[in-house]
There are 2 protein chains.
Amino acid sequence: MSIAPVRSVSSVPPAPPRGRPRPPSGNAVTPTRTSRTTTSKPTTLRQVARAADVSMATVSRVLAGNYPVAPRTRQRVLRAVQELDYVANTHARALRGHATPTVALVLPDLRDEAVARIAQGVEEEATRNGRSCLIGTTRGDPERERTVLRGMRQNGAGAVILIGGGAQDPVHQEELATIAGSLAAAGSRLVFCGRPAPDDATPATVVEYDNEGGAYAVVSRLLVQGHRRILFLGPATGSTTAAGRLAGYRRALADFDLPFRPELVVGGGLGRADARDRLARRLVGGSDFTAVFAVTDNAASGALAALREVGLSVPDDVSLVGYGDAECATDLLPQLTTVHVPYVELGRTAVRLALGLTEGSVSAADQRALLGTHVVLRDSTAPPPRRRPT
Amino acid sequence: MSIAPVRSVSSVPPAPPRGRPRPPSGNAVTPTRTSRTTTSKPTTLRQVARAADVSMATVSRVLAGNYPVAPRTRQRVLRAVQELDYVANTHARALRGHATPTVALVLPDLRDEAVARIAQGVEEEATRNGRSCLIGTTRGDPERERTVLRGMRQNGAGAVILIGGGAQDPVHQEELATIAGSLAAAGSRLVFCGRPAPDDATPATVVEYDNEGGAYAVVSRLLVQGHRRILFLGPATGSTTAAGRLAGYRRALADFDLPFRPELVVGGGLGRADARDRLARRLVGGSDFTAVFAVTDNAASGALAALREVGLSVPDDVSLVGYGDAECATDLLPQLTTVHVPYVELGRTAVRLALGLTEGSVSAADQRALLGTHVVLRDSTAPPPRRRPT
DNA sequence: CTGTTAGCGCCTTCAG
DNA sequence: CTGAAGGCGCTAACAG
């Protein structure tokens, strides 16, 4: 319904490569494959060699540039390369042992903002190191995850980076451990990036961020401002991420000698809609809190909507904080105080560690990193109002 | 400052593959490589053959499963494969001509929501067709774009999909045309996905969405509601995307016999901050419009902020519409009326077309598609107020 | 400086 | 049913 192929134009027959106006072809042999209408295979080294009237080795050397070649010869070769529009075949190269292995990236869904940020970091660092980057999505399905991982291994990935939505399933974790082993045995590396890794015996790399610490920090901030009854809006269990944030919340409370009140944990998922609904329901009997710690910026967005619906103003009546420093945090009104997570750096670090490029690091065996998080102060918090709002 | 490697744990030495408790190794030859601590190369077909005491050909056949093999032999082979944790080398396969070529994806930045959606579509459709998906980012730099494209070609990509931020630079477009030619000559395909393509003679595939039509539709909606002075918030030039949306805006106006008023075009970029600033500045002398068509949902978000700042309410005082149906559209309050763009489908279609999988299509030569857009009605529009707001 | 040779790991005829 | 052999495209020793 929303798709409508409308035009269908030109059935362009694959034209010959349209290089610059072909320079007069010197003393090169007949260009053999000047215009081919059939879907032909790409030019090979041999063809170039023939065209330039040299051996394949010479061509290879000219291209590699790591070996002396007579200037005249080089010219001829270069011209032939241009003319035939030659590019070396990566697979053959790899087979011969001369290709830099790729970096593989396995994730649930690219549309997730955090995932996309990590992916961006991975890609940047990979290309910065001359590796290309293979990507595979799993939709959070453990079975697909294994399938994809296997595929990446076949591809001879030099590092496989796993991000997002780790299943708690111990069986699956065991499988992952096995895969990590295979990878490690082949000189590669499985990286758990921002998600829980199997037991410590597994030869895997782990890159995390200080999830609990961030939660501790924002909640402390609320406490310092004078809030005493702070809602935890998010699941108490099920997701490692949420669990860590809850832990930070509790620790902050404890440090202020406040008891943990289970009735202030609202539950729900990580998303916006769920948060909104849960909080709205909670709000029907009036509010018994002065601040909300949403497990996620999206959840915070939902919370804001719910609060608005019942006429509660943020931050005048209720303070609100989120987690993740998503884009929506600045779209909201008021702009959201939240915890910044260095997602892009997470991705970069994953690649560096896996590839053994930890510059400045003493031991190349550091296969574990924990990046810091920090609070971003914006406009959604204030000291609690004098009279508790009805 | 935001990064703080904190812990550095276990220097796990690459352990041997931890397969299930190794089954008693039948009559297989000594497993040769049972525990290796050095970073060794992956198992080869030959090793499996030796272990199973058969020829390489037989192993190959068992694995391919397309040729009769004695059950007993197959068992032996399978066991050896398991034991040695063998996976075929993709490069060798590719070289031999038996690998499905990959799909390459070239884009400016994964963090862009629209880009991420298209990428997701591409990846899904690619794996649905058994292709793996290579990704490369360009940061919008034409030179990097060319570099990356070259790399993809070397990789023997079966299709190269180019998305986002096309540079207007004619020189670069010419280069792209050349690359498209090379690709086509090698039986591959360059796809321009949601971005302008070079001249029609170029052997490229083009997948677009009805950009102008979407703009026409939303603006018409505003006009129907009675709005007569509608601000166009976005650049009048520079970006093909913005230009198309402006064109739709103008056509809608024309269809209502309204003149196009250049003073209602505010200018600015596609982003939030710019939109906010521009509109705020515009607003100092009061508002001479009853509705705003923001070129982008992000721009709309900025507009909303600017309007709020001067005490104008949406949609009571001013109606607001965006474009793109981004996630933030539903985060805003009021939720934003906008134009939905089928980004994911765009990606899928790109792959289908490039790979020649256009099911149901008559001519396999359709190398051009235009997907429809549609308005998503939410809460940010209303009929204009009686008295024009000051 | 340049050419010849020998594989990288796999698949696929062609013979047994 | 199974094995031996050749070669995909490229590069790295070795000779010239």
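Keep in mind that this is a model prediction, so the values were computed, not measured.
- Annotation: side-chain contact (heavy atoms from CB on, under 4.5 Å) contacts of B/Ala354 (sequence neighbours excluded): B/Ala159, B/Arg189, B/Val191.
- B/Asn155 places its CG atom 13 Å from the P atom of D/dC10, with the value rounded to the nearest Å.
- Atom pair B/Leu95:CG and D/dT11:P shows a separation of 12 Å (rounding to whole Å applied).
- With sequence neighbours excluded, the residues forming a side chain to side chain donor-acceptor pair (under 3.5 Å) with A/Glu124 are A/Gln120, A/Arg348, listed by chain and number.
- The side-chain contact (heavy atoms from CB on, under 4.5 Å) test applied to B/Arg131 returns B/Thr100, B/Pro101, B/Val103, B/Ala126, B/Asn129, B/Leu355, not counting sequence neighbours.
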All N/O pairs under 3.5 Å across the protein-nucleotides 14-16 of chain D interface:
none

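- Side-chain contact check for A/Thr138 and A/Asp141: no donor-acceptor pair (N or O, by modelled atom type) lies under 3.5 Å.
- At a threshold of 4.5 Å between non-hydrogen side-chain atoms, the residues B/Leu45 and B/Ser60 count as touching.
- If you check D/dG3, D/dG9, D/dT11 against the side chain of A/Arg93, the one that comes closest is D/dT11.
- Residue contacts shown for B/Ala57 include a base, since a base heavy atom lies under 4.0 Å away.
- Legend: residues meeting side chain to side chain donor-acceptor pair (under 3.5 Å) with A/Thr90, ordered by chain and number and at least two apart, are absent.
- Going from atom CE of B/Met56 over to atom C1' of D/dG6 covers 12 Å, rounded to whole Å.
- Chain A approaches DNA chain C within less than 4.0 angstrom (heavy atoms of the protein), and the contacting nucleotides run 5' to 3' from C/dC1 to C/dG9.
- Every residue meeting the side chain to side chain donor-acceptor pair (under 3.5 Å) condition with B/Arg153, not counting sequence neighbours, appears here in chain and number order: A/Asp85.
- Five base pairs at each end of the helix from C/dC1-D/dG16 to C/dG16-D/dC1 define two local axes, and these are offset by 50° (rounded to 10°).
- Using a 4.0 Å heavy-atom distance criterion, A/Ala64 is classed as making no nucleic acid contact.
- For A/Leu107, the side-chain contact (heavy atoms from CB on, under 4.5 Å) partners are A/Leu105, A/Leu110, A/Val115, A/Ala119, A/Ile135, A/Thr137, A/Ile163, not counting sequence neighbours.
- To the nearest angstrom, C1' of D/dG6 lies 14 Å from CZ of B/Arg46.
- Nucleic acid contact for A/Leu45: base, since at least one base atom lies under 4.0 Å from a heavy atom of the residue.
- Separating the CD atom of A/Gln47 from the C1' atom of D/dC8 is a distance of 13 Å, rounded to the nearest angstrom.
- The side-chain heavy atoms of B/Leu183 and B/Met152, taken from C-beta on, include no pair separated by under 4.5 Å.
- Applying the side-chain contact (heavy atoms from CB on, under 4.5 Å) test to A/Arg46 and every residue at least two apart in sequence or in another chain returns A/Thr44, A/Arg50, A/Met56.
- For A/Ser132, the side chain to side chain donor-acceptor pair (under 3.5 Å) test picks out no residue, with sequence neighbours left out.
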